[in-house]
Amino acid sequence: MRRARPGAPPRGSGSRALTSVGAGADFDRSVPADRTTEQEPVTAKEEHTQSKLWHITLSVSGTETPLKEVRRGLEQLAHDHPFLLTSRYANDHAEIRYWEEARDLHDAAAVALRLWGEHRSSAQLPPWKIVGLEVIDRETYHQRIAEGYGPPPAAPVGVHPY
């Protein structure tokens with residue numbers, strides 16, 4: 001029995017359309033064009049948007065939870081979400097700082113707003129609510145640091161009490 005979407009061509013039939021993917025910075029342009037695979041051309045209407053790095057600060061708060069449970073949950077979150085830079089916590093609130101790669105601010109914010117809820121059960125995080133979110137681009141982050149404003153670079157990395 002074949003498992004597929006209704007109307008979908010069988011795998012390996014060659015009738016599926018290929019899409020073009022932009023070459024990375026290390027793309028070797030010396031490879032002759034006749035050695036490439038067949039692809040549908042990218043139309044002029046398609047727009048190529050590059051991802052940017054966004055510095056995220058997510059603040060959560062709620063009912064008091066034993067510090068050991070909060071710490072263990074944040075450590076598990078750091079394990080599950082490898083780009084987590086640092087977390088600060090108390091028994092009723094926490095702040096998580098990390099870098100997110102996204103196309104624009106809206107995408108970065110959407111991912112950040114889902115982080116706590118999506119990892120709540122897997123990391124056994126407290127049932128706290130998001131009470132604050134800051135999303136800034138990399139240039140703004142470094143400008144703030146250079147001017148002496150904003151939080152210092154996330155060091156030491158890890159999970160720490162306030």
Side-chain angles (χ1 to χ4, degrees), residues 1-8 11 16-27 42 45-162:
M1 179 169 116
R2 185 173 89 93
R3 298 180 75 186
R5 291 178 305 179
R11 289 184 183 211
R16 291 184 353 183
L18 298 175
T19 57
S20 180
V21 177
D26 59 345
F27 177 67
V42 176
K45 292 180 183 176
E46 291 182 49
E47 222 177 277
H48 177 70
T49 5
Q50 288 186 325
S51 294
K52 290 176 58 174
L53 282 177
W54 301 88
H55 186 266
I56 309 290
T57 304
L58 184 70
S59 301
V60 294
S61 180
T63 58
E64 289 192 13
T65 303
L67 287 175
K68 287 176 75 173
E69 289 181 28
V70 176
R71 180 180 182 90
R72 192 214 39 75
L74 290 171
E75 287 174 343
Q76 183 62 46
L77 177 63
H79 177 74
D80 294 348
H81 196 297
F83 299 107
L84 193 70
L85 291 177
T86 187
S87 296
R88 298 187 306 166
Y89 65 94
N91 63 351
D92 63 347
H93 65 282
E95 177 184 270
I96 301 164
R97 297 174 60 206
Y98 67 98
W99 290 98
E100 183 69 61
E101 184 177 359
R103 181 183 48 153
D104 58 23
L105 180 131
H106 293 98
D107 288 350
V111 170
L113 288 171
R114 290 192 312 262
L115 177 73
W116 190 262
E118 288 181 354
H119 290 275
R120 184 176 293 153
S121 62
S122 65
Q124 298 178 349
L125 297 167
W128 294 346
K129 302 288 184 205
I130 297 172
V131 295
L133 174 66
E134 180 185 54
V135 181
I136 57 174
D137 66 357
R138 187 175 182 196
E139 294 79 23
T140 303
Y141 175 81
H142 288 297
Q143 181 181 3
R144 282 184 182 180
I145 300 304
E147 293 174 352
Y149 298 107
V157 174
V159 178
H160 306 283
Y162 273 102

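All values derive from a computational prediction rather than experimental measurement.
The heavy-atom pair separating A112 from I56 by the smallest distance is CB-CG2, 3.6 Å. In plain terms, the two heavy atoms of A90 and W128 that are nearest each other are O-CH2, 3.7 Å. Contact record, L74 with A94: CD1-CB, 4.2 Å, taken as the closest heavy-atom pair. Annotation for A108 and A102: closest pair N-CB, 3.6 Å, computed over non-hydrogen atoms. Minimum heavy-atom separation, R120 to P127: NE-CA, 4.0 Å.
Annotation: side chain of W116 is in contact with side chain of I96 (closest heavy-atom distance under 4.5 Å). A 4.5 Å side-chain heavy-atom check between D137 and L53 finds every atom pair outside the cut-off. Residues T57 and I136 fail the side-chain proximity criterion, which asks for heavy atoms closer than 4.5 Å.
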Q.
Is there a side-chain contact (heavy atoms from CB on, under 4.5 Å) between H55 and L85? Walk through the geometry before answering.
A. CA-CA 10 Å; H55 186 266; L85 291 177; 4.3 Å; yes
Q: With salt bridge (charged side-chain N to carboxylate O under 4.0 Å, His left out) as the test, would you mind laying out the steps for R138 and E100 before giving the verdict?
A: CA-CA 10 Å; R138 187 175 182 196; E100 183 69 61; over 6 Å; no
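Between E75 and the options R72, R71, H79, a side chain to side chain donor-acceptor pair (under 3.5 Å) holds for only R71.
Between W99 and Y141, the two ring planes are perpendicular [angle over 60°; tilted spans 30° to 60°].
Between the CH2 atom in W54 and the CD atom in E134 there is a gap of 12.0 Å [rounded to 0.5 Å]. Atom NZ of residue K52 and atom CG of residue D107 lie 12.0 Å apart, to the nearest 0.5 angstrom. Rounded to the nearest 0.5 Å, atoms CG (D80) and OG (S122) are 4.5 Å apart.
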Using a 3.5 Å cut-off and no angle test, enumerate the donor-acceptor pairs between side-chain atoms of residues 58-70 and protein atoms at least two apart in sequence or in another chain.
from : atom 1 : to  : atom 2 : distance (Å)
S61  : OG     : D92 : O      : 3.2
E64  : OE1    : N91 : ND2    : 3.2
T65  : OG1    : T63 : O      : 3.3

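With sequence neighbours excluded, the residues that form a ring pair (Phe, Tyr, Trp, His ring centres under 6.0 Å) with Y98 are H81.
Judged by distance alone, the side chains of E139 and Q143 never bring a donor and an acceptor atom under 3.5 Å apart.
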